[in-house]
Amino acid sequence: MKVTFEQLKAAFNRVLVNRGVNPQTADACAEMFARTTESGVYSHGVNRFPRFIQQLDAGDIIPDAVPERMLSLGAIEQWDAHRAIGNLTAQKMMDRATELASDHGIGLVALRNANHWMRGGSYGWQAAEKGYIGICWTNSIAVMPPWGAKECRIGTNPLIVAIPGNPITMVDMSMSMFSYGMLEVNRLAGRQLPVDGGFDDDGNLTKDPGTVEKNRRILPMGYWKGSGLSIVLDMIATLLSNGGSVAQVTEENSDEYGVSQIFIAIEVDRLIDGKTRDEKLQRIMDYITTAERADPNVAIRLPGHEFARLLEENRRNGITVDDSVWEKIQAL
Ligand SMILES: NC(=O)C1=CN([C@@H]2O[C@H](COP(=O)(O)OP(=O)(O)OC[C@H]3O[C@@H](n4cnc5c(N)ncnc54)[C@H](O)[C@@H]3O)[C@@H](O)[C@H]2O)C=CC1
Ligand SMILES: O=C(O)C(=O)C(=O)[C@H](O)[C@@H](O)CO
């Protein structure tokens, strides 16, 4: 089915306000969920809203909590989210990182006791829209086997790197070949994955999203490389925030809450003049997109460049929401 941005936001807002979330917070949170969906990231917008509400109802998310700065070292700050709403806290932390970068050239905020931030790309994009390089990542509960294992001991820990420019170039990627959210999108659409996404119960690689969602033998992106990157991202987030690691969150918490996150903003404009910056970026983009195509009908594209088109299509035609997901939201 198709819905408008306003219908989507109103549906989220109703559910939040009915649960006693204060109207201003509810509005801001509903806005972020709706914007994420409108941008085409259905997995961590509308599809994830019922799960977010489940965690709100369980008390994992504390909607009135106010994130607090615990330590300041000039360009580096350490904050405690006190388990406030994940997407709103992350937005605030990247704002703080850009403020620090405008003073110091670089700003880093390390956050502990955070909640799931949904679409990590929202915060990289936010920095890039202001002209900063935005880098951020989060850890998670253990949902992926390390390379060589059958049992989940590492996180999907998405990493985001956003480069300001026209258009913004941004990698926003889970450390698994597919996020669980993208497995769900493919299962709901009745599709097999385009490439292997994990192992079946017999240890054979599989493209079946439902199998991997169930047995959690998800494949790290780049095999051992994604596994290794997930581990070091977890270590950095844990150390700099003095917060929970994947191991700690998994062993001590009843669900995925109290995670650790990093937000980095880097000033570009004082290091290179605007004209030179644009020329250098254009050269990189042109060099890549003019490579000989493997399939003449499939264009070579840069990460993040898809969002302008997705947004325009969703604004023009309405936003596609899976019927079963919409029913779940209506019932909340
Ligand atoms: N714990 C958490 O907070 C988690 C959140 N997520 C979120 O889930 C969302 C989806 O993540 P994934 O499924 O890993 O993303 P994805 O696999 O859909 O995309 C990953 C990256 O690849 C780029 N890309 C895709 N196809 C491309 C192509 N043909 N050419 C060039 N670039 C291409 C995309 O622009 C994106 O930057 C993200 O917003 C992520 O932050 C994911 C995992 C865990
Ligand atoms: O992979 C995802 O999608 C995601 O968003 C996650 O946070 C974790 O991998 C996990 O919560 C999925 O159950």
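Ligands are counted one by one from 1 in listed order, and the atoms in each one are counted from 1 as well. Model, not experiment: these values are computed from the prediction. Just so you know, these numbers use all the heavy atoms, side chains as well, and skip hydrogens, waters and symmetry mates. This chain uses plain numbering: 1 for the first residue, then up along the sequence.
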Novice: Need the ligand 1 atom indices (1-based, order shown) with element for anything under 4.0 Å from a heavy-atom of Trp117.
Specialist: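 This gives 3 (O) as the contact atoms.
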
Novice: Is the backbone of Gln91 close enough, under 3.5 Å, to the side chain of Gln126 for a donor and an acceptor to pair up by distance?
Specialist: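 It does hold such a pair.
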
Novice: Pick whichever of Ile218, Asn47, Thr156 has a heavy atom sitting closest to atom 8 (C) of ligand 2.
Specialist: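 Ranked by closest heavy atom to atom 8 (C) of ligand 2, first place is Thr156.
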
Novice: Closer than 4.0 Å and a protein heavy atom, does any atom meet both conditions relative to atom 6 (N) of ligand 1?
Specialist: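 Yes, there is a protein heavy atom closer to it than 4.0 Å.
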
Novice: Looking at Tyr42, Phe5, Phe52, which one forms a ring pair (Phe, Tyr, Trp, His ring centres under 6.0 Å) with Phe33?
Specialist: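 Looking at Tyr42, Phe5, Phe52, the match for Phe33 under the ring pair (Phe, Tyr, Trp, His ring centres under 6.0 Å) is Phe52.
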
Novice: What residue and atom, counting heavy atoms only, is the protein's closest point to atom 1 (N) of ligand 1, and at what distance?
Specialist: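 The closest heavy atom on the protein side is His116 NE2, 3.4 Å.
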
Novice: Any atom of ligand 2 sitting under 4.0 Å from a heavy atom of Arg51?
Specialist: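 In this structure, Arg51 fails to qualify as a contact of ligand 2 - no heavy atom is under 4.0 Å.
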
Novice: Below 4.0 angstrom, counting only protein heavy atoms, does anything approach atom 11 (O) of ligand 1?
Specialist: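 Yes, at least one protein heavy atom sits under 4.0 Å from atom 11 (O) of ligand 1.
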
Novice: Does this structure show an ion pair linking Arg283 with Glu279, if we count only N-O contacts that are shorter than 4.0 Å?
Specialist: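 Salt bridge between Arg283 and Glu279, a charged N being under 4.0 Å from a carboxylate O: no.
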
Novice: Output the list of atoms in ligand 1 that are nearer than 4.0 Å to some heavy atom of Met170, sorted by atom number.
Specialist: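 Atoms satisfying the 4.0 Å criterion: 37 (O).
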
Novice: Inspect the contact between Glu99 and Arg96 and indicate whether a charged nitrogen and a carboxylate oxygen are less than 4.0 angstrom apart.
Specialist: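 Yes.
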
Novice: Report the nearest protein non-hydrogen atom to atom 23 (C) of ligand 1: residue, atom name, distance rounded to 0.1 Å.
Specialist: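 The protein heavy atom lying closest is Pro303 CB, 4.1 Å.
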
Novice: Measure the OG1-CD1 distance between Thr290 and Ile300 for me, rounded to the nearest 0.5 Å.
Specialist: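 One gets 7.5 Å once the value is rounded to the nearest 0.5 Å.
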
Novice: Measure from atom 19 (O) of ligand 1 to every heavy atom in Val259, Asp172, Asn87 and give the option owning the shortest one.
Specialist: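 Considering heavy atoms of Val259, Asp172, Asn87, the nearest to atom 19 (O) of ligand 1 sits in Asp172.
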
Novice: Evaluate the 4.0 Å heavy atom contact test for atom 17 (O) of ligand 1: does a protein atom fall under the cut-off?
Specialist: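 So far as the 4.0 Å threshold goes, atom 17 (O) of ligand 1 is out of reach of every protein heavy atom.
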
Novice: Among all protein non-hydrogen atoms, which one is nearest to atom 34 (C) of ligand 1, and what is the separation to 0.1 Å?
Specialist: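 For this ligand atom, the closest protein heavy atom is Glu306 OE2, 3.4 Å.
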
Novice: Can you check side chain to side chain donor-acceptor pair (under 3.5 Å) on Ser245 and Asp234, steps first, answer last?
Specialist: CA-CA 6 Å; Ser245 59; Asp234 178 39; 4.9 Å; no

Novice: Taking atom types as modelled and ignoring hydrogens, do the side chains of Gln282 and Asp286 form a donor-acceptor contact shorter than 3.5 angstrom?
Specialist: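 Per modelled atom types, Gln282 and Asp286 side chains form a pair under 3.5 Å.
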
Novice: For ligand 2, is Met144 a contact, meaning one of its heavy atoms is under 4.0 Å away?
Specialist: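 Contact check Met144 vs ligand 2: negative.
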
Novice: Should you measure from each heavy atom of Gly181, which atoms of ligand 2 turn up under 4.0 Å away?
Specialist: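 Listed by number with element, the hits are 2 (C), 3 (O).
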
Novice: Only heavy atoms of Met173, strictly under 4.0 Å: list the atoms of ligand 1 that pass.
Specialist: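 Listed by number with element, the hits are 14 (O), 20 (C).
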
Novice: Would you call Lys214 and Asp201 a salt bridge, taking side-chain N to carboxylate O under 4.0 Å as the test?
Specialist: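 No, no charged N to carboxylate O under 4.0 Å.
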
Novice: Run the contact test for Gly304 against ligand 1 with a 4.0 Å cut-off on heavy atoms, strictly below, and give the result.
Specialist: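 Contact check Gly304 vs ligand 1: positive.
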
Novice: Quick one: which ligand 2 atoms are inside 4.0 Å of a heavy atom on Glu256?
Specialist: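 Here the atoms of ligand 2 in question are 7 (O), 10 (C), 11 (O).
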
Novice: Could you list which atoms of ligand 1 come closer than 4.0 Å to a heavy atom of Gly120?
Specialist: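 The list of qualifying atoms is 39 (O), 41 (O).
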
Novice: Nearest protein heavy-atom contact for atom 13 (O) of ligand 1: which residue, which atom, what distance?
Specialist: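 Heavy-atom neighbour on the protein nearest atom 13 (O) of ligand 1: Ser179 OG, 2.8 Å.
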
Novice: Atoms of ligand 1 less than 4.0 Å from Val171 heavy atoms?
Specialist: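 Taking each heavy atom of Val171 in turn, ligand 1 has 37 (O) under 4.0 Å.
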
Novice: Short N/O distance, under 3.5 Å, between Ile141 and ligand 2?
Specialist: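 Among all N and O atoms of Ile141, none is under 3.5 Å from an N or O of ligand 2.
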
Novice: Output yes when the distance from some N or O of ligand 2 to some N or O of Arg48 is under 3.5 Å, and no in every other case.
Specialist: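 N/O-N/O distance under 3.5 Å: yes.
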
Novice: Does some non-hydrogen atom of Met221 fall short of 4.0 Å from ligand 1?
Specialist: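 In this structure, Met221 fails to qualify as a contact of ligand 1 - no heavy atom is under 4.0 Å.
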
Novice: Numbering the atoms of ligand 1 from 1, which are under 4.0 Å from a heavy atom of Met182?
Specialist: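 Numbered from 1, ligand 1 contributes 13 (O).
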
Novice: Considering only protein heavy atoms, which is closest to atom 2 (C) of ligand 2, and at what distance to one decimal place?
Specialist: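 Here the closest protein heavy atom is Tyr180 N, 3.4 Å.
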
Novice: Report yes or no: is the cationic atom of Arg51 (NZ for Lys, CZ for Arg) under 6.0 Å from the centre of the six-membered ring of Tyr180, at an angle within 45° of the ring normal?
Specialist: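 No; the conditions do not both hold, so Arg51 does not lie above the ring face of Tyr180.
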
Novice: Does Asn139 use its side chain to pair, donor to acceptor, with the backbone of Gly155 at less than 3.5 Å?
Specialist: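 Answer holds: no.
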
Novice: I'd like to check which ligand 1 atoms, numbered from 1 as shown, lie under 4.0 Å from a non-hydrogen atom of Ser174.
Specialist: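 Those atoms are 14 (O), 42 (C), 43 (C).
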
Novice: As an exercise, identify every atom of ligand 1 less than 4.0 angstrom from a heavy atom of Thr156.
Specialist: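 Near Thr156, meaning under 4.0 Å from one of its heavy atoms, ligand 1 has 43 (C), 44 (C).
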
Novice: For atom 4 (C) of ligand 1, what is the nearest protein heavy atom, given as residue, atom name and distance?
Specialist: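 Among all protein heavy atoms, the one nearest atom 4 (C) of ligand 1 is Pro158 CG, 3.3 Å.
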
Novice: Would you call Arg187-Asp208 a salt bridge at under 4.0 Å N-O?
Specialist: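 The answer is no: the pair does not qualify as a salt bridge.
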
Novice: Salt-bridge test for Arg316 and Glu313: reply yes if a basic N is under 4.0 Å from a carboxylate O, no otherwise.
Specialist: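 Looking at Glu313 together with Arg316, the answer is no, because their closest N to O distance does not fall below 4.0 Å.
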
Novice: Heavy-atom distance to atom 29 (N) of ligand 1: which of Arg48, Met177, Arg301 wins?
Specialist: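 Selected option, by shortest heavy-atom distance: Arg301.
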
Novice: Considering heavy atoms of the protein only, find what lies nearest to atom 9 (C) of ligand 1 and give residue, atom and distance to 0.1 Å.
Specialist: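 Checking every protein heavy atom, the shortest distance to atom 9 (C) of ligand 1 gives His44 ND1, 3.6 Å.
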
Novice: Report, in ascending order of atom number, the atoms of ligand 2 lying under 4.0 Å from any heavy atom of Arg216.
Specialist: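 Close to Arg216: 13 (O).
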
Novice: With Arg112 as reference, evaluate His82, Gln261, Gln78 under the side-chain hydrogen bond (donor to acceptor under 3.5 Å, both in side chains) test and give the passing residue.
Specialist: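 Option passing the side-chain hydrogen bond (donor to acceptor under 3.5 Å, both in side chains) with Arg112: Gln78.
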
